[in-house]
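The block underneath contains the structure these notes are about, expressed in structure tokens.
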There are 2 protein chains.
Amino acid sequence: MAHDHVMPTDLTRNQELVLGTLNHAPAPLSAYDILDLLRSEGLRAPLQVYRALDKLVERGLAHRLESLNAFVACADEHCHRKGLIAFAICEGCGKVDEFADAVIEERLGTWAGTTGFKVERTTMEIRGKCAECLKAA
Amino acid sequence: MAHDHVMPTDLTRNQELVLGTLNHAPAPLSAYDILDLLRSEGLRAPLQVYRALDKLVERGLAHRLESLNAFVACADEHCHRKGLIAFAICEGCGKVDEFADAVIEERLGTWAGTTGFKVERTTMEIRGKCAECLKAA
DNA sequence: AATCAATACGTTATAGCATAACGCTGCTGC
DNA sequence: GCAGCAGCGTTATGCTATAACGTATTGATT
């Protein structure tokens with residue numbers, strides 16, 4: 001059930017390379033990590049990677065992890081989700097678990113309603129240790 | 001009721017300068033912003049600011065906003081809170097509103113319980129427009 | 001086909017954020 | 001005293017991200 005990633009057919013070469021790299025990575029990658037992995041494919045400059053990442057994130061095919069300055073492929077192959085996604089980042093193995101919670105989202109909506117704040121984007125990142133790493137310790 | 005900040009007495013000079021700067025700022029400041037504001041006080045190097053910030057964040061007197069790479073003074077004068085704090089960041093005026101929500105926290109606990117993930121730290125940052133900026137638009 | 005607009009591309013340079021590593025200072029507790 | 005610890009100051013460096021330029025490709029319209 002691993003690697004059940006979707007690779008849309010309308011990506012540009014650079015976007016495809018970057019998404020492919022993220023799909024195969026076991027943990028988040030920084031833009032510069034990606035660049036280094038793709039030098040053999042001819043990429044030379046950070047901007048080539050950042051531009052691809054921008055598009056991928058915009059389309060929901062990848063996510064940016066603010067607390068790591070790094071990126072992951074979206075785990076949900078039908079992730080056209082507009083709403084809140086939470087990320088659980090293991091400090092042990094680096095793996096990231098992605099999940100959505102309607103209750104949290106609704107709760108946020110309530111808060112926004114009472115304060116008059118218009119929510120455009122939410123990032124929620126949980127740092128800790130995953131079950132596997134806890135077992136191993 | 002503004003500026004009801006507490007300034008502990010056991011801070012070092014650099015920590016006090018940095019916290020004072022954050023307390024008077026209307027919006028988050030980057031470490032380099034802080035440095036520039038404190039050159040007149042004799043600070044010269046980023047590390048002087050980062051070291052102070054580390055301690056302040058550790059003590060809960062300041063918070064780091066991951067999505068901005070910037071820092072704010074803690075808004076709650078009794079913020080010895082260990083739990084989840086959410087930040088609402090206005091893209092219009094830059095102001096940050098800080099709040100805690102027990103339901104979200106509890107919900108997170110539930111998720112952690114079922115997956116066996118041990119939560120150590122959570123960052124939640126909401127981007128959007130505050131009521132005032134919406135009115136002005 | 002010719003044109004135009006929009007998007008992507010490649011490159012160089014630069015800006016912005018953060019830490020490593022060194023040695024020194026000053027305090028606290030034994 | 002002096003050992004241990006926290007903080008300090010400085011230089012150098014590394015990592016993250018974007019500005020600005022011109023070219024190329026695509027796709028729609030005429």
Side-chain angles (χ1 to χ4, degrees), chain A residues 7-22 25 27-59 61-72 89 91 94 121 123 125 127, chain B residues 7-22 25 27-72 89 91 94 96 121 123 125 127:
Chain A
M7 184 76 83
T9 57
D10 63 339
L11 297 175
T12 68
R13 169 173 160 83
N14 286 359
Q15 288 162 16
E16 193 180 309
L17 287 169
V18 169
L19 183 53
T21 304
L22 288 177
L29 297 175
S30 77
Y32 281 75
D33 291 339
I34 296 169
L35 176 57
D36 286 340
L37 290 169
L38 290 176
R39 286 194 191 281
S40 59
E41 298 290 342
L43 294 211
R44 297 152 187 279
L47 219 49
Q48 297 176 286
V49 175
Y50 279 110
R51 288 203 272 232
L53 284 169
D54 281 349
K55 290 300 171 193
L56 294 173
V57 168
E58 195 179 303
R59 293 184 52 174
L61 297 168
H63 302 292
R64 174 188 176 83
L65 299 174
E66 302 285 358
S67 66
L68 293 178
N69 293 325
F71 301 83
V72 285
I89 303 165
E91 318 243 62
R121 193 157 41 91
T123 80
E125 300 178 15
R127 311 291 291 263
Chain B
M7 184 75 84
T9 58
D10 63 340
L11 297 175
T12 67
R13 169 173 161 82
N14 287 0
Q15 288 162 18
E16 193 179 310
L17 286 170
V18 169
L19 182 54
T21 304
L22 288 177
L29 298 175
S30 76
Y32 280 74
D33 290 340
I34 296 169
L35 176 57
D36 287 339
L37 289 168
L38 289 176
R39 286 195 192 281
S40 59
E41 297 290 344
L43 294 213
R44 298 153 187 277
L47 220 50
Q48 296 175 286
V49 175
Y50 279 110
R51 288 202 273 232
L53 284 170
D54 281 348
K55 289 300 171 195
L56 294 173
V57 169
E58 194 179 303
R59 293 184 51 173
L61 297 167
H63 303 291
R64 175 188 176 84
L65 299 174
E66 302 285 358
S67 67
L68 293 179
N69 293 325
F71 301 83
V72 285
I89 303 166
E91 319 244 62
V96 174
R121 194 156 40 90
T123 80
E125 301 179 14
R127 312 291 291 265

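Just so it is clear: chains get the letters A, B, ... in the order the sequence lines come, proteins before strands, and each one is counted from 1. Just so you know, these numbers use all the heavy atoms, side chains as well, and skip hydrogens, waters and symmetry mates.
Taking atom CG of A:L53 as the reference point, atom C1' of D:dT16 lies 12 Å away to the nearest angstrom. Rounded to an integer number of Å, the gap from A:L68 CG to D:dC15 C1' is 14 Å. Regarding B:Y50, its OH atom lies at a distance of 17 Å from the P atom of D:dG14, rounded to whole Å.
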query = Going through the distances and angles, do A:T123 and A:H63 end up as a side-chain contact (heavy atoms from CB on, under 4.5 Å)?
reply = CA-CA 10 Å; A:T123 80; A:H63 302 292; over 6 Å; no
task = Tell me, with the steps shown, if B:L22 and B:L53 meet side-chain contact (heavy atoms from CB on, under 4.5 Å).
result = CA-CA 10 Å; B:L22 288 177; B:L53 284 170; 4.0 Å; yes
task = Evaluate the side-chain contact (heavy atoms from CB on, under 4.5 Å) criterion for residues A:Q15 and A:L61: first the C-alpha distance (whole Å), next the side-chain angles of each, then the deciding distance (0.1 Å), finally the verdict.
result = CA-CA 10 Å; A:Q15 288 162 16; A:L61 297 168; over 6 Å; no
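Contact annotation: A:N69 side-chain N/O to D:dC15 OP1/OP2 distance is not under 4.0 Å.
Under the rule for a salt bridge (Lys or Arg N to Asp or Glu O under 4.0 Å), A:E125 has no partner lying at least two apart in sequence or in another chain.
A heavy atom lying under 4.0 Å from DNA chain C marks none of the residues of residues 31-41 of chain A.
The terminal axes of the helix from C:dA1-D:dT30 to C:dC30-D:dG1, fitted over 5 pairs per end, subtend an angle of 30° to the nearest 10°.
Using a 4.0 Å cut-off between charged nitrogen and carboxylate oxygen, B:E16 and B:R13 do not count as a salt-bridge pair.
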Under 4.0 Å protein heavy-atom contacts per nucleotide of nucleotides 6-12 of chain D, with B for base, S for backbone only and - for none = -SBBBB-
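A donor-acceptor pair is defined here as one N or O able to donate and one able to accept, closer than 3.5 Å; no such pair exists between the side chain of B:E41 and the backbone of B:L38.
Chain A approaches DNA chain C within less than 4.0 angstrom (heavy atoms of the protein), and the contacting nucleotides run 5' to 3' from C:dA8 to C:dT12.
If you take CG on B:L19 and OG1 on B:T12, they are separated by 10.5 Å, rounding to the nearest 0.5 Å. Put simply, CG on A:L37 and CG on A:L17 are 11.0 Å apart, with the number rounded to the nearest 0.5 Å.
Listed by first and then second residue, the side-chain hydrogen bond (donor to acceptor under 3.5 Å, both in side chains) pairs involving residues 42-54 of chain B amount to none (not counting sequence neighbours).
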